[in-house]
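Structure, as structure tokens:
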Amino acid sequence: QVQLVESGGGLVQPGGRLRLSCAASGSIFSIYGMNWYRQAPGKQRELAAVISSGGSPRYADSVKGRFTISRDNAKNTVYLQMNSLKPEDTAVYYCNAQLRTHSSAGIGDYWGQGTQVTVSS
């Protein structure tokens, strides 16, 4: 069984910063892509940032230059450093990973439970 557990969300003022973490645990053989999605109230879930197994990042235009995604493969953890936060960044942030377990024949898609980020004065 695999779990993705996010942490680091909270309430922050506009212009502030937060750092999200997502740790994967369980019978993991290998992790490929690790991603952060977000879903604002009344909107569809959108991709915010992705990072490949080799560490190459890509960002949505809305967060480019403000957010930084990174990963620690030894800890099976992905991070999202969020700077210069805006009210429109308010959303539930979800961690997503494509990985292979010791008991699976293929690559599965796994999700965390989400962590709330609220940007408000």
Side-chain angles (χ1 to χ4, degrees):
Q1 188 174 356
V2 172
Q3 281 191 314
L4 300 182
V5 179
E6 301 106 333
S7 61
L11 173 65
V12 63
Q13 292 187 339
R17 58 179 58 185
L18 282 175
R19 188 191 195 208
L20 306 183
S21 299
C22 171
S25 62
S27 183
I28 297 170
F29 178 76
S30 184
I31 302 178
Y32 302 94
M34 299 189 83
N35 318 302
W36 286 99
Y37 284 77
R38 64 184 186 178
Q39 187 167 19
K43 295 188 177 181
Q44 288 189 331
R45 191 173 297 188
E46 64 175 6
L47 183 63
V50 305
I51 188 165
S52 69
S53 57
S56 297
R58 288 186 293 116
Y59 302 94
D61 287 343
S62 57
V63 308
K64 200 173 295 184
R66 301 186 298 119
F67 290 11
T68 302
I69 188 171
S70 61
R71 63 190 288 171
D72 184 334
N73 291 331
K75 297 181 179 180
N76 289 340
T77 299
V78 62
Y79 305 96
L80 187 67
Q81 177 66 48
M82 305 185 294
N83 298 333
S84 302
L85 282 161
K86 305 175 181 180
E88 51 264 43
D89 294 318
T90 295
V92 178
Y93 284 71
Y94 296 92
C95 174
N96 167 250
Q98 289 75 52
L99 59 87
R100 189 188 303 271
T101 68
H102 287 285
S103 59
S104 65
I107 298 172
D109 197 47
Y110 294 84
W111 292 86
Q113 81 289 349
T115 185
Q116 177 70 46
V117 171
T118 302
V119 185
S120 175
S121 55

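Fair warning: this is a prediction, and the values are worked out from it, not measured in the lab.
- Judged as a side chain to side chain donor-acceptor pair (under 3.5 Å), the pairs with a partner in residues 69-79 (not counting sequence neighbours) are, in order, Arg71-Asn73.
- Under the side chain to side chain donor-acceptor pair (under 3.5 Å) criterion, the residue pairs touching residues 40-54 are Arg38-Glu46, with sequence neighbours excluded.
- Side-chain atoms of Thr115 and Ser7, non-hydrogen and from C-beta on, never get closer than 4.5 Å to each other.
- A salt bridge links Asp61 with Lys64: the distance from a Lys NZ or Arg NE/NH1/NH2 to an Asp or Glu carboxylate oxygen falls below 4.0 Å.
- Atoms CG and SG, from Leu20 and Cys95 in turn, are 9.5 Å apart once rounded to the nearest 0.5 Å.
- Using bins of under 30°, 30° to 60° and over 60° for the plane-to-plane angle, the ring pair Trp111/Tyr37 lands in the tilted bin.
- Here the side chains of Glu6 and Trp36 are in contact, with some heavy-atom distance below 4.5 Å.
- Atom CD of Gln39 has more than 12 heavy atoms from other residues, nucleotides or ligands within 6.0 Å.
- Heavy-atom neighbours of Gln1 CD from other residues, nucleotides or ligands within 6.0 Å: at or below the threshold of 12.
- Here Tyr32 pairs with nothing under the ring-ring contact (aromatic ring centres under 6.0 Å, His included) rule; sequence neighbours left out.
- In this pair, His102 and Phe29 present their aromatic rings perpendicular. The plane angle is above 60°, beyond the 30 to 60° band.
- Just one of Val50, Asn96, Leu4, Ile51 meets the side-chain contact (heavy atoms from CB on, under 4.5 Å) condition when paired with Val78; it is Ile51.
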